[in-house]
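All remarks here apply to the structure that follows.
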Protein chains: 2
Amino acid sequence: MSMSGSGACNPDDELACCTPLAREPMSAEQAAQVVPLLKALADPVRLRLMSMVLSHEGAEACVCDLLPAFDLSQPTISHHLKVLHESGLLNREKRGVWVYYQARPAAMEAMATLFTTAGLSLPVGAGA
Amino acid sequence: MSMSGSGACNPDDELACCTPLAREPMSAEQAAQVVPLLKALADPVRLRLMSMVLSHEGAEACVCDLLPAFDLSQPTISHHLKVLHESGLLNREKRGVWVYYQARPAAMEAMATLFTTAGLSLPVGAGA
DNA sequence: ACCGGACATCGACATAGGTGAATACTCACA
DNA sequence: TGTGAGTATTCACCTATGTCGATGTCCGGT
């Protein structure tokens, strides 16, 4: 808990969202902690960036790996990566001239937990 | 599968997002389908509305049940509910003078699947 | 038929946010 | 110590969006 350096907002282990939405009415404070993560993911470019990093070798990717996939300027991609990093979804690691972004499993886990309905009274027949 | 009536954008069973982010690099088209759901959830009021409906009896709630929890005008809440409905997260059902919103399990499941990392090569030790 | 309550729609406003051009920063290499 | 390549930051622009007030619509009761 010391080498965090320039680390993201969330100090690693205390990622907010850990209770399922369906468990109990979420308070305004809880929502305020989770929403930044959802906001960060609620953009087509950033969602694809996350997916690209996650599915890449070792769940990490260099910026130069990500750039060619988009028709956007380099500063724009850099901006989106910054948003993902500051929201706690991606770690940033500089190796030489290159910067590698790594997915944070804790954040993914938190998101998955949010939408969990296992063991909760959701009428699966509610269908249409 | 016929009584959809005024139904939401997504015709019930063909909700987009069904593949985990970490499975493979998401295409722009896939992202365009999932992002509206995330955008709908990426607001503190709407996230709380979802949570309130989900955790309510039978995963449904009347507008009059939801209004008092916020310091916002009735049109504003109505607007947020419309966004959740049109994105396919909530169903809308009018009973007499009251309108009941119901959570759509399929949408919740889709979201949960998005963030699944089970069986995928995520270095859980990536920690910080 | 009138009236009142529950909810939706419309119009307007202010702020947030995605984008690119220009520029600054940092490191490897000659 | 220049020089160039890989990223980040700043500034400005334009659109998207959250909010409210006013108004409209639908329904039940009297």
Side-chain angles (χ1 to χ4, degrees), chain A residues 5-9 28 31-32 34-50 52-53 56 60-87 89-102, chain B residues 5-9 28 31-32 34-50 52-53 56 60-87 89-102:
Chain A
S6 63
C9 307
V34 184
V35 160
L37 293 189
L38 289 168
K39 268 191 185 313
L41 292 165
D43 175 274
V45 175
R46 290 197 292 266
L47 194 64
R48 290 182 62 201
L49 283 171
M50 272 303 290
M52 292 173 72
V53 170
H56 208 267
E60 74 169 20
C62 171
V63 179
C64 55
D65 293 328
L66 306 170
L67 269 180
F70 300 91
D71 225 28
L72 297 170
S73 68
Q74 174 267 322
T76 296
I77 299 297
S78 186
H79 161 70
H80 285 305
L81 287 169
K82 182 181 183 180
V83 171
L84 289 170
H85 174 236
E86 289 184 338
S87 68
L89 287 161
L90 289 181
N91 278 330
R92 190 175 173 277
E93 186 179 332
K94 190 163 192 175
R95 295 210 282 269
V97 186
W98 295 277
V99 174
Y100 286 80
Y101 283 91
Q102 309 161 335
Chain B
S6 66
C9 307
V34 184
V35 159
L37 293 190
L38 289 168
K39 269 193 184 310
L41 292 164
D43 176 275
V45 175
R46 290 197 292 265
L47 194 64
R48 289 182 62 201
L49 283 171
M50 273 303 290
M52 292 172 72
V53 170
H56 208 268
E60 75 168 20
C62 172
V63 178
C64 56
D65 293 329
L66 306 169
L67 269 179
F70 300 91
D71 226 28
L72 298 170
S73 68
Q74 175 267 322
T76 296
I77 299 297
S78 186
H79 161 71
H80 285 307
L81 287 169
K82 182 182 184 180
V83 172
L84 289 170
H85 174 236
E86 290 185 338
S87 68
L89 286 161
L90 290 182
N91 278 329
R92 190 175 175 278
E93 187 179 332
K94 190 163 190 175
R95 294 211 282 270
V97 185
W98 296 277
V99 173
Y100 286 80
Y101 283 92
Q102 309 161 334

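Letters A, B, ... are given to chains in the order of the sequence lines, protein chains preceding strands, and every chain is numbered from 1. Note that this is a predicted model, so its numbers are computed, not measured.
Taking the 5' to 3' direction, DNA chain D first and last meets chain A under 4.0 angstrom from a heavy atom at dG6(D) to dT9(D). The nucleotide range of DNA chain C contacted by chain B, defined by atoms under 4.0 angstrom from heavy atoms of the protein and reported 5' to 3', is dA6(C) to dT9(C).
With DNA chain C read from its 5' end, the first of the two nearest nucleotides for V97(B) and T76(A) is the one closest to V97(B). Projected onto DNA chain D by closest heavy-atom contact, K39(A) and K94(A) fall at different nucleotides, the more 5' of which corresponds to K94(A).
Separation of atoms CE (M52(A)) and CG (L47(A)) is listed at 12.0 Å; rounding is to 0.5 Å. Distance OH/Y100(B) to SG/C62(B): 5.0 Å, rounded to 0.5 Å. Rounded to the nearest 0.5 angstrom, L89(A) CG and M50(A) CE are separated by 5.0 Å.
Distance alone, capped at 3.5 Å, places no donor-acceptor pair between the K94(B) side chain and the V99(B) backbone.
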**Request:** Show your working on side-chain contact (heavy atoms from CB on, under 4.5 Å) between V63(A) and Y101(A) and close with a plain yes or no.
**Result:** CA-CA 7 Å; V63(A) 179; Y101(A) 283 91; 3.7 Å; yes
**Asked** Given the rule in the salt bridge (Lys or Arg N to Asp or Glu O under 4.0 Å) test, do R92(A) and E86(A) qualify, once you have shown the distances and angles that lead to the verdict?
**Response** CA-CA 10 Å; R92(A) 190 175 173 277; E86(A) 289 184 338; over 6 Å; no
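Closest approach of P36(A) to A31(A), counting heavy atoms only: CD-O, 4.5 Å. Annotation for K39(B) and A42(A): closest pair NZ-O, 3.2 Å, computed over non-hydrogen atoms.
A search for side chain to side chain contact (heavy atoms under 4.5 Å, CB included) contacts involving A61(A) returns V53(A), H56(A), D65(A), L66(A), not counting sequence neighbours.
Among the atoms of the strands shown, only primed sugar atoms or phosphate atoms (P, OP1, OP2) are found under 4.0 Å from some heavy atom of Y101(B). Using a 4.0 Å heavy-atom distance criterion, H79(A) is classed as a base contact. Counting any heavy atom pair closer than 4.0 Å across all strands shown, R46(B) reaches sugar-phosphate atoms only and no base atom.
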Under 3.5 Å, sequence neighbours excluded: what are the donor-acceptor pairs made by side chains of residues 77-84 of chain A?
residue : atom : partner : partner atom : Å
H80(A)  : ND1  : R46(A)  : NH1          : 3.1

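For residues 67-77 of chain B, the pairs satisfying side chain to side chain donor-acceptor pair (under 3.5 Å) are S73(B)-T76(B), with sequence neighbours left out.
Listed in residue order, the members of residues 64-74 of chain B having a heavy atom less than 4.0 Å from DNA chain C are C64(B), Q74(B).
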